[in-house]
Amino acid sequence: MNAELTTDSGVSLLVVEKSPNQAEKFVTALRSAGIPVHPTRLADTSELDERLAGKAFDLILCSCRSKRPSSQNLSEARASCPDTPLILIYGDEDRETLLDAVRGGARDIVHKDDLAHLQLVVTRELETLQLRRDLAEVGRKLEEAENRCESVMAAAEEAIAYVHDGMHVAANRAYLDMLGYADQEEVEGLPLLDMVDPEFHKQLKKLLKTVERTRDPAPQKMEATCHTSAGQGFSAVLELSPAIFDDEPCTQVHVSAQQSAMDLEAELARVNTVDPDTGLHNRKYFLELIADEQPALAARRESRVLLYVMLDHFQELRNTAGVATSDGLIKEVAGLLDRVRNPDDILARFGDHSFVILVRSVKRPEVEGLAQSVCLAIEEHNYQASEKFIAPTCSIGIVDSNDIPDFDSQRFVDLAYQAAHQASENGGNRFQFFQPEKPSVERALAGSDAVNLEQVIQHAVEENRFRLVYQPILSLHGDPRENYAVMVRMLDESDNEHLPGNFLQKAEAAGLAATIDRWVIRSAILELAHQRDEGKDAHFFISISGQSLSDDRTFPWIRDCMEEFGLKGDALTFQVPEESVRKQVHAAREVVKQLHSIGCGFALDQFGTLPKPESLLKQIHVNFVRLHVSFMDGIAKDHAKQESMKAVCELAASMKVKTVATGVEDANTLAILWNVGVNYIQGYFVQEPSESIAYDFSGAA
């Protein structure tokens with residue numbers, strides 16, 4: 001038997017046989033057949049129930065030579081471990097005894113001297129066991145995927161229903177609210193035509209028949225006047241497309257109310273400032289608020305204090321409890337923070353599991369009191385689905401705007417994040433103030449110190465003062481590879497992290513970007529070689545600057561690094577911003593050709609917002625395009641932006657180029673990204689950048 005049919009640790013075998021020598025014969029025969037067994041022996045069946053209760057076994061061999069097993073003995077054993085195959089070993093027992101054993105649950109009977117037969121039977125039973133386990137795992141993943149799809153539909157802001165033979169079978173909350181129904185039962189079995197003005201019935205019937213007959217995935221659209229349950233009419237656009245519900249073919253109906261220009265403007269303004277999952281202000285609004293009010297504060301010599309609230313070990317919680325439950329937890333935490341904050345404080349959701357509070361009062365005792373209240377509220381709250389997970393705690397970073405020379409809103413948040421990260425490293429469930437003492441690295445990056453930036457970066461390279469973090473890139477179409485985007489952080493003398501936005505542009509302006517590129521490339525190749533040695537199918541996307549692209553020494557250096565660590569090119573994709581490539585197309589074409597010669601991929605980063613993207617794709621052989629993050633800003637309500645992204649995806653697909661959507665921060669956009677043809681997603685919705693390369697791609701499939 002092939003060892004792949006069982007777990008990597010071998011086959012856990014229980015042998016019930018009074019003779020140690022006879023038991024050893026069975027074990028030896030199985031091992032000689034290539035079956036890696038780890039045996040445990042019992043002399044008779046008297047302790048069988050107790051032993052099965054204490055450990056799970058993959059296989060049981062029970063000899064009739066031992067204290068003769070009764071049908072009741074075997075039935076009880078089968079009841080305690082129903083998935084474990086039990087094989088009876090007999091000698092001179094009579095036919096009725098053997099039949100009684102089979103009635104008790106034995107999968108087969110084998111004579112004690114027929115070891116070849118034993119090998120065949122055990123091989124068959126282990127293969128069957130593995131098939132049962134694989135089937136159970138597939139069933140679990142299918143259930144999880146179905147639950148995730150149902151969660152996405154339920155949480156979607158778009159009004160969606162499913163129709164079979166013209167009758168409603170299901171609808172999400174947004175659909176029910178739009179049409180004025182309290183729950184699903186009110187619409188189940190209700191004809192779709194009842195929702196539409198009679199003058200549009202003929203057109204709608206024709207459209208339904210077309211979708212049911214052709215099963216063309218492209219949505220079929222029509223404009224119509226719809227009616228709520230109270231009889232109120234409104235103009236709407238109906239999109240019909242084929243779908244599957246409860247294993248039956250049906251039609252998905254997406255209803256979009258046509259708003260007035262004033263209503264639409266107000267809705268767009270709301271979408272641009274509010275997080276759809278929690279109802280709090282979003283990241284964009286918060287950063288704009290800080291930037292807008294800071295000049296007036298500086299003129300009045302006033303300051304603000306920022307609290308960065310980060311849930312501890314959230315990814316582990318999400319892996320344990322699931323996406324829907326963890327999203328519900330985020331909403332509960334948002335409610336807690338809204339109740340704890342002071343009325344004048346500004347609260348926003350900033351990341352997947354992080355929040356920010358801008359405090360108007362800057363008195364330290366009051367700030368400390370607020371931070372303590374937040375920690376206590378999150379730790380002691382009785383969460384609705386708490387049986388599925390251990391209640392979370394939080395880490396809080398605190399920074400005063402007075403401690404930041406040459407104030408910058410993004411830097412304000414970065415420093416609070418660093419303090420929160422340090423609090424988490426110190427055990428979590430605590431708060432920590434940012435220390436205003438500026439190390440030499442920070443002063444050099446701020447341009448307010450005589451320290452030469454080149455010396456600082458060179459020192460960081462030599463002393464490994466950079467750190468790599470990794471963010472998963474998740475396939476929407478079943479790519480089994482474990483794709484990660486590689487990002488870099490810079491450490492100062494106090495081991496505080498500096499995000500790329502603080503140093504990469506300054507380094508490129510100073511002609512030092514290629515130096516950082518080389519450190520990142522070598523470190524990433526080394527780490528990826530370790531991952532491959534451990535049997536992981538990891539694949540890295542590594543950014544390189546325009547300076548490295550124009551340096552003819554870059555490719556030989558990459559090739560030498562790969563040879564040094566024994567890494568094949570198909571493990572790497574190098575990415576360069578589209579704007580940098582456009583400035584040096586000839587150099588880029590040559591580098592891409594060289595990278596492809598050793599199996600590496602190439603991606604255009606920040607792609608799709610510049611004119612004539614097809615021209616660049618025709619000139620350079622590209623494997624991936626990473627869509628500009630601006631595409632994701634408000635895309636859930638911006639149909640023009642959706643069409644623009646769809647056009648870019650269709651262009652890429654026509655040239656056999658895969659697309660990656662970056663900056664994906666919530667589940668509401670997944671259906672849109674799928675519909676416009678995006679192949680991969682990356683962002684805080686999948687996972688925040690982490691030093692760990694341990695994302696469960698199989699669980700996310």
Side-chain angles (χ1 to χ4, degrees), residues 1-137 140 534-535:
M1 189 196 82
N2 193 315
E4 292 181 357
L5 294 173
T6 61
T7 61
D8 294 337
S9 58
V11 177
S12 179
L13 172 67
L14 177 62
V15 182
V16 184
E17 167 59 59
K18 68 179 181 180
S19 168
N21 291 336
Q22 186 63 46
E24 184 60 31
K25 287 182 181 179
F26 298 153
V27 171
T28 301
L30 296 180
R31 286 176 174 167
S32 67
I35 305 173
V37 294
H38 298 306
T40 299
R41 187 181 71 87
L42 288 179
D44 54 50
T45 59
S46 61
E47 299 179 7
L48 186 59
D49 289 345
E50 181 180 349
R51 183 58 62 96
L52 292 177
K55 179 182 178 181
F57 290 92
D58 297 319
L59 178 69
I60 302 174
L61 300 182
C62 185
S63 174
C64 288
R65 289 163 44 84
S66 310
K67 183 179 179 180
R68 177 166 295 180
S70 67
S71 176
Q72 182 178 355
N73 289 143
L74 298 180
S75 296
E76 291 173 353
R78 293 289 294 157
S80 64
C81 50
D83 200 41
T84 304
L86 186 150
I87 299 171
L88 193 70
I89 308 295
Y90 70 94
D92 300 326
E93 284 71 23
D94 57 69
R95 177 176 179 275
E96 190 58 36
T97 297
L98 299 180
L99 289 176
D100 190 44
V102 174
R103 295 186 190 102
R107 295 280 296 179
D108 208 336
I109 55 176
V110 178
H111 193 274
K112 65 183 179 65
D113 295 327
D114 194 348
L115 299 182
H117 186 202
L118 177 64
Q119 292 171 340
L120 293 173
V121 168
V122 168
T123 297
R124 180 198 67 207
E125 290 302 321
L126 290 178
E127 288 175 345
T128 304
L129 174 64
Q130 188 63 39
L131 287 174
R132 291 199 301 273
R133 290 176 176 174
D134 289 344
L135 182 59
E137 177 65 13
R140 183 192 67 78
E534 293 176 3

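The figures here come from the full heavy-atom set of this structure, side chains too, leaving out hydrogens, waters and symmetry mates. All values derive from a computational prediction rather than experimental measurement. The first residue in the sequence is number 1, and the count goes up from there.
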Problem set entry | Passing option when Leu30 is tested against Leu13, Leu115, Val15 for side chain to side chain contact (heavy atoms under 4.5 Å, CB included) | Leu13
Exercise. If you look at every heavy atom in Phe26 and Ile89, which pair is closest and at what distance?
Worked result: CZ-CG2, 3.5 Å
Problem set entry | Shortest non-hydrogen contact from Glu125 toward Pro85 | OE1-CB, 3.6 Å
Exercise. When rounded to the nearest 0.5 angstrom, what distance separates CD1 in Ile87 from OG in Ser63?
Worked result: 13.0 Å
Problem set entry | Closest contact, heavy atoms only, Ala106 versus Leu88 | CB-CB, 4.3 Å
Problem set entry | Ile109 CD1 to Leu86 CG distance, which is reported to the nearest 0.5 Å | 12.0 Å
For this session: Check Asp58 against Gly10 and note the closest heavy-atom contact, atom names and distance.
Result: OD2-O, 3.6 Å
Seminar exercise, completed: side chain to side chain contact (heavy atoms under 4.5 Å, CB included) test vs Val37 passes for just one of Leu61, Thr28, Val122, Val11, namely Val11
For this session: Please list, chain by chain and in numerical order, all residues satisfying salt bridge (charged side-chain N to carboxylate O under 4.0 Å, His left out) with Asp108, sequence neighbours excluded.
Result: Arg124
For this session: Indicate the atoms forming the closest heavy-atom contact of Ala29 with Gln119, along with that distance.
Result: O-NE2, 2.7 Å
Exercise. When you look at Gln130 and Glu127, which way does the side chain to side chain contact (heavy atoms under 4.5 Å, CB included) test go after all the steps?
Worked result: CA-CA 5 Å; Gln130 188 63 39; Glu127 288 175 345; 5.8 Å; no
Problem set entry | side chain to side chain contact (heavy atoms under 4.5 Å, CB included) assessment of Tyr90 paired with Lys112 | CA-CA 6 Å; Tyr90 70 94; Lys112 65 183 179 65; over 6 Å; no
Exercise. To the nearest 0.5 Å, what is the distance between CG (Leu59) and CG (Leu126)?
Worked result: 5.5 Å
Problem set entry | N/O donor-acceptor pair under 3.5 Å between Arg132 side chain and Asp83 backbone | yes
Exercise. What pair of heavy atoms forms the shortest contact from Leu118 to Val110, and how long is it?
Worked result: N-CG1, 3.7 Å
Seminar exercise, completed: The reported gap from OG1 in Thr128 to CZ in Arg133 (rounded to nearest 0.5 angstrom) is 12.0 Å
